[in-house]
Amino acid sequence: MKYWLMKSEPQVFGIDDLKSRPNQTEPWDGIRNYQARNFMRDSMNIGDFAFFYHSSCPKPGITGIMEVTKSAYPDKTQFDPNNKYYDPKSNVQNPRWFNVEVTFKEKLVLIPLHDIRNNIKLATLQILKRGNRLSITPITKKEWAEIMNMCR
DNA sequence: GCCAACGTTGGC
DNA sequence: GCCAACGTTGGC
């Protein structure tokens, strides 16, 4: 089982949106970055856990936990010309973008980015690295445990 | 709203 | 295949 950190802007889709979805489940679609796509397509498995991270908002940080409940399949938004994630260069025969599905597990008391940054044990976190822009990053079991320590 | 960082695009 | 221009991300 692997651990992940997945970013989303709460004004677009936040932890409460996930919690209120039918079955508390949602496709993690709209990812248009190859590295992030590869993580979903090649490395994510059912049963993996992920932190839900709120970005581009007044209080950026980790807000909850979700579980991967469906492995990667072609992201259907890429084929819909009316969708903002439409990709005219992709096609059904050879899809370019993939998504997994995630299910809400638990809300956490917000762990602010500021606190994460100040935790020396988390210095290895990819999202803290200079210039990081990846919306999906793997995290280690150790990092996961340390973050859980911060809110328990 | 600014801006640094970095990925993507497309002409050559 | 290089690289300048451009677009996006995301904290502040």
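Proteins get letters first, then strands, A, B, ... in listed order; numbering begins at 1 in each.
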Inset, instruction - Would you mind building the protein contact string for nucleotides 6-12 of chain B? One character per nucleotide, 5' to 3', B for base within reach (heavy atoms under 4.0 Å), S for sugar-phosphate only, - for untouched. - result: B-S-S--
Inset, instruction - May I have all residue pairs that pass salt bridge (charged side-chain N to carboxylate O under 4.0 Å, His left out) and include part of residues 58-72 of chain A, sequence neighbours excluded? - result: Glu67(A)-Lys105(A)
Inset, instruction - Mind checking side chain to side chain contact (heavy atoms under 4.5 Å, CB included) for Asn45(A) and listing every partner two or more places apart, or none if nothing turns up? - result: Lys2(A), Asp48(A)
Inset, instruction - Quick one: list whatever passes ring-ring contact (aromatic ring centres under 6.0 Å, His included) with Phe52(A), sequence neighbours left out. - result: Trp28(A), His54(A)
Atom pairs and distances, side-chain donor-acceptor, residues 72-79 of chain A, under 3.5 Å, sequence neighbours left out:
residue, atom, partner, partner atom, Å
Tyr73(A), OH, Asn99(A), ND2, 3.3
Tyr73(A), OH, Glu101(A), OE2, 2.7
Asp75(A), OD1, Thr77(A), N, 2.9
Asp75(A), OD1, Thr77(A), OG1, 2.6
Asp75(A), OD2, Gly30(A), N, 2.8
Asp75(A), OD2, Arg32(A), NH1, 3.0
Asp75(A), OD2, Thr77(A), OG1, 3.4
Thr77(A), OG1, Arg32(A), NH2, 3.0
Gln78(A), OE1, Ser90(A), OG, 2.7
Gln78(A), OE1, Arg96(A), N, 3.2
Gln78(A), OE1, Trp97(A), N, 3.0
Gln78(A), NE2, Asp75(A), O, 2.7
Gln78(A), NE2, Trp97(A), O, 2.8

Legend entry - With Gln11(A) via side chain to side chain contact (heavy atoms under 4.5 Å, CB included) - residues at least two apart: Glu9(A), Cys57(A)
